[in-house]
Structures are given as structure tokens and as C-alpha cells.
Amino acid sequence: MAILADINLPAMKIYRLIVLLIVSLGIGSTAKSADSRTVEAFREAENLIAEGDLERSAAIIDSILSLRGFHNDTMYARVLVEKSTIMLYSGNVDAAKPIALEAAAKIDPDGDQIVNTSLWNNLAVAYNRQELTDSALMCYERALHHASRSGYLSWTSTLYCNLGVLYYNRLNYPMATRMFRRAVADASACDDGYTELVSAQLLTNALLATDSIDSAGRAARHSWNLALQSEDPGLQLRCIPGLVQYYEKTAREDSATYFIGVGAGLLADVPPESPQAASFHSMRIRYNMEHGNYRQALDELLATRHYSMASPLDRTYRMIARCYAGLGDYHRAYTYGDSAVMWTDSLATRRMEQSLAEFEVRYNTVATRLANRELQENVLRQRQTLLLLGLLLVAIAGIVVFLVMRQRQIKARMEIERNANYMRGMEDERRTVAAELHDGVAADLLALRLNLSAKEGLTDSVAMAERLRCSVRAISHRLMPPEFHHQSLPEIISHYARLISADGEGLQAEFVESGFPADYPVEKARELFRIFQEELSNIIRYCSPAHIVIALNHDSDGTLTLSIDHDGHPHPDSGNTSGTSGIGSRTTLRRLHLINATLDRDNGQAGGSSTITVRP
């Protein structure tokens, strides 16, 4: 079962702590470019966010952004970060994400680390709310990088906790345990009792999932003690399920029953639709079902199934069906089991284009259908007086079920084949990267080791090490998959050029675009970008340029030209100055053939150029 951390957006008290730090760290620098009235208005907006007055704060932020010429101000990116924060607090994720992305393109990564942390945390929350888990994970890790640089432990503990939740929901329990432990440690070090309690409670779940019972017991008791100190019924109720599960696993039923009673008493002081109440109800329903108390479990299921924080409807219907079956009411059990099937199919349809979770949904659907067949047989046995009519209905239903199942099996097999082809493509890409690492990085490492072993040639060793670092960084950039569903080809190339310029090695890359069509095919754009990456990597590796100009032009006849001009010259001892052999070249030739393109190189001693031409 997936778990949620309540410290992404609702934890306003954490934001109140960071606002003062943001003001103290950032106002001085922004005042150099913005006038004092703008700075004062921004300070007021931050204070209003801390107080929870989002409407007035949003009005002030919008008035600042509407100032003439303000988009060129150094304060612009920081104001965008605050606007995205307001959007997220208001629940408007679709509006928050593009604002945060614009801020990410303008913010200085080496500037105020707290502002950078807030930006990437906002993006992570937005991606997570849209169920883009991989993008959310990447953004959380970048937020954690900036938070670690700032040394602000309250931020790092919160981010570690959220990372742990993502890993837990992906069933990576060992990594989730590591993240939760670090969250507990950092929260304890900065005396952030709320985050420490939540992290310890989530750590209990992760440890129970890996059968680390003793450690889970210590984490459960630690979170419970913190909850008792807080005197908050909601926090105390949050810790009850972990304690009960721990005592169940250690066969201490009296203790489990005692804490269930404690939780029942706390329900009166907690909103019925809160996540804490929903979690307790879910635990108590499971406990009653496992102990054969189907009537109590059924009554609680029927009373709580419409709460917004309750279990998904398909899982709820399956549990209701199980309870009715346990009570001998097979007709109602079959009815709810059939509802679970229909709801599961509906969920599968909506999630099919988002992730491979469809396989798990299909598995649950098939399992539910098998259970429903047993329930249907019980119903038929109870209606022996209507045997003839029942046989006729079963025959018709059997034919329909067979045809539907057959069709779904065919669709599932086709989906598996498509995914297998995709995975084979990924393996080919991995082999290519492995070859690059072996032929490039491994060779430099060997030479470096031989030089150091001979205790001579240290100057050359330093140069080799620097080349090795640049090589590894280039390969890392090439491994990062471009998100063509969220960005256009010019945006991705522009971002890539900025990464090269920001490397800190003095290399400057410029990008110029002229009329790129908005409806250009995504597959062609992806292959063109990969060819561009390979060619640019060869230029940097073999020619060592100081300045690169990248130009993207689209002619009226549909021809697309992507050129790379540079001021480098081939290394005299490089042997291969243009990358015309090896795995990279073969892959490039396949990509060129695939999109009907050509690659022309013109390298001289004072500079050179490479031109990729894609014909319609």
C-alpha cells in the first residue's frame, strides 16, 4: 500500500521557518537591482505566505511581476519561485509547474541555495502530483543538493522524508529505509519535532515491509513518544497503525488490542476525513478481517468508503466482497466483486498512458475475476430451484467472459511485445554507453595509473584526470533523456548549450534558432538531437574549442539544418579527429539513415564546422 508524507505542501510551519532565512539571505543581494519599494513589497508577500494569506500575497506578487522591464531584473526568478509556491499551496498544480520551470531557466544555481531548494521542491511536488515519479525523484534530488549546500537541516530532513516516500511507493524498501533514517537524524539535530515524528512513523512502515521487526519496534515507539509529547490527537492517531502492526508481528495481541482501543478514543478529536483517521480505519478493518470479525469490518467499510482519503474504490469493493463472503451472503459478495472489476478496468484505462502500472492492474483484475467465479458458483448452488434458468444464464455469461478475456489476452500480449522491443532498445543504448566508458574513460584511467606508478609525468597525469572528468561529465549529459513531451527541440538544445557553458572550463556555447515548426515530429526531433549530441561530443573531445555557435534553421521547402561552428583545431596526437569510426559513428549513421539526413564536416587548423541536414 502506498504511503503519503504530510510535509510536502501542508506543513506551513516549516515554511514559516524558512521565510525568515530567505529574507535575511536574499534581500541584500536583490536590493542591488530592484528598488526599495519592490523589495519591501516582496518582503510583505513572503510574510503573508507564512501567515497563510495566499490571496493577498498572490496579488502583491502579480503586481511586482507586472512592472515594466521587471523580467530582466535579477530578482525576477526569485519572485517566480514564490508565485509557484502560492500556486501549489492553492492546489493549482498545472499553473505552478510552468512558472517553476521558467524560474529554473533563469535562476542562478550558485546563488541563494534556500531559494534554489524551494524551487526544485516545488517542481518535485508538481511532478509527483501529476504521477511523473521519475521527474519528481530527479527534482527532489536536486533540491536536496541545494539544501545540503545551505546546511539548513530542516529542509534536508523534509526532503529526505519525501524521497523515502517515493522510494517506498516504488517498493524500494531498503532505499526508503535509508532516506527515512537520515530524515529522522537531521530533524532531531535541528529540533524539528514534527518532521522527526513523521519520518519515524514512515520508517516504521519501511522496516516492517522488510521484516526488520526489532528496528521497526524502536522506530514505532520513538514516533509514539514524540506524539505523546506533542499532545496532538492527530499525530498520536497517525502512529497507532504502525504500533498495532508491530505488536501483531511479535504475537502480542493484547498490546495490539490496547492500542486499537486508544486509537478509537482519539477518533473523536480528529476530523473524520483526515488522512490519520483514514489510515486508522484501514488498519482496524484489516485487523478485524484477519481475525474473522467480518461484521465489524463490513460496518466500518460501509461507513468510511466515501471519505476522500479512504482506500481506492476497487480495493474497498474487494474488501466488502470478502466480508460478505465471510458472512455467507454470496450474492452481495458477487455484486461487490463485480463492481471491483469494473472500477479496476476504469482505473486501468486512465493510467494506461502514464506508466507500466497497467500490468499490476491487469493482474488484480484477473485475480478478482477468478475469485468472482467461485462466488458465482456459490450463488448458483443457493438457487438450485432455478437450475434450468441458471444454466442458461451461466452459458451466456461464459461465452461473453471468454470473448472478453480472449480479447484482453491478445491486447496484453501485444503490450508485452511492445515493451520488450522498448527494453531491447534500451539495452542497445546501455551497450553503447558501456563501450564509450571502456574505450575512453578506462584507457585514460590506465594511462593515469601507469604514470602515477612510475612517479613521473605528474603534469600529464593532471591533464589526463581533467580530460577524464570532462569525458565522464559529457557522457552523463548524454545519458539524460530529453523530455520532448514537455519541451521543443530548440528548448532542449538551448538547455544543453547552457549546461556546456556552465561547466566552468571556459567553453562558451551559443544557440541561434530560426523558424522551427511547432508540429515537427517528436521521433525525428529525438533522433536529430542524438546525432547532434554525438557530433558535439566529438568536437569537444578531439578539437578542444573555446567557443561554439549552434544554429537551427528551417527553410521554406521543409529542409531542416542544424550546424555547429567552433574555433577549435584537431589534436595532433588524437588519431581520430572527427569521430569517424567506432560505435558512436555506426549509431550516428543508423540515425541519419532513419530520418533521411546527412552530416557534413569541415575541420581545419583554425576552426571547423559540422552541418546536419534533414530533408522532408
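A salt bridge links Asp110 with Arg149: the distance from a Lys NZ or Arg NE/NH1/NH2 to an Asp or Glu carboxylate oxygen falls below 4.0 Å. Salt-bridge formation is detected for the pair Asp134/Arg170: a Lys NZ or Arg NE/NH1/NH2 atom is positioned less than 4.0 Å from an Asp or Glu carboxylate oxygen.
Surrounding CZ of Arg178 are at most 12 heavy atoms belonging to other residues, nucleotides or ligands under 6.0 Å away. More than 12 heavy-atom neighbours from other residues, nucleotides or ligands sit within 6.0 angstrom of CD on Glu290. Heavy atoms of other residues, nucleotides or ligands lying less than 6.0 angstrom from NE2 of His495 number 12 at most. Dense packing is recorded around CZ of Arg252, with more than 12 heavy atoms of other residues, nucleotides or ligands lying under 6.0 Å away.
No donor-acceptor distance shorter than 3.5 angstrom exists from the side chain of Ser537 to the backbone of Gln533, with no hydrogens or angles considered. For the pair Thr250 (side chain) and Tyr246 (backbone), a donor-acceptor distance under 3.5 Å is present. Between the side chain of Asn128 and the backbone N or O of Ala124, no donor-acceptor pair lies under 3.5 Å.
For the pair Trp224/Leu226, no side-chain contact is recorded, criterion being any heavy-atom separation below 4.5 Å from C-beta on. Side chains of Leu101 and Glu491 form no contact here, defined as non-hydrogen atoms less than 4.5 Å apart. Side-chain atoms of Leu197 and Cys239, non-hydrogen and from C-beta on, do get closer than 4.5 Å to each other. Annotation: side chain of Phe42 is in contact with side chain of Glu82 (closest heavy-atom distance under 4.5 Å). Put simply, the side chain of Tyr247 does not reach to within 4.5 Å of the side chain of Asp254, judged on heavy atoms.
Remark: the Ser215 side chain and the Arg218 side chain contain an N/O donor-acceptor pair separated by less than 3.5 Å. Arg238 and Gln201 share a side-chain donor-acceptor pair at under 3.5 Å. Remark: the Glu196 side chain and the His222 side chain contain an N/O donor-acceptor pair separated by less than 3.5 Å. A donor atom on one side chain and an acceptor atom on the other are not found under 3.5 Å apart for Ser282 and Arg286. For the residue pair Tyr76 and Glu102, a side-chain donor N or O sits within less than 3.5 Å of a side-chain acceptor on the partner.
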Applying side-chain contact (heavy atoms from CB on, under 4.5 Å), run through Gln245 and Met283 and close with a yes or a no. CA-CA 8 Å; Gln245 190 175 356; Met283 177 275 299; over 6 Å; no
Can you check side chain to side chain donor-acceptor pair (under 3.5 Å) on Tyr287 and Glu253, steps first, answer last? CA-CA 11 Å; Tyr287 183 87; Glu253 294 296 334; 2.8 Å; yes
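Of all heavy-atom pairs spanning Ser148 and Thr156, the tightest one is N-CG2, 3.9 Å.
Between Tyr168 and Phe180, the ring-plane angle classifies as tilted under the 30° and 60° cut-offs.
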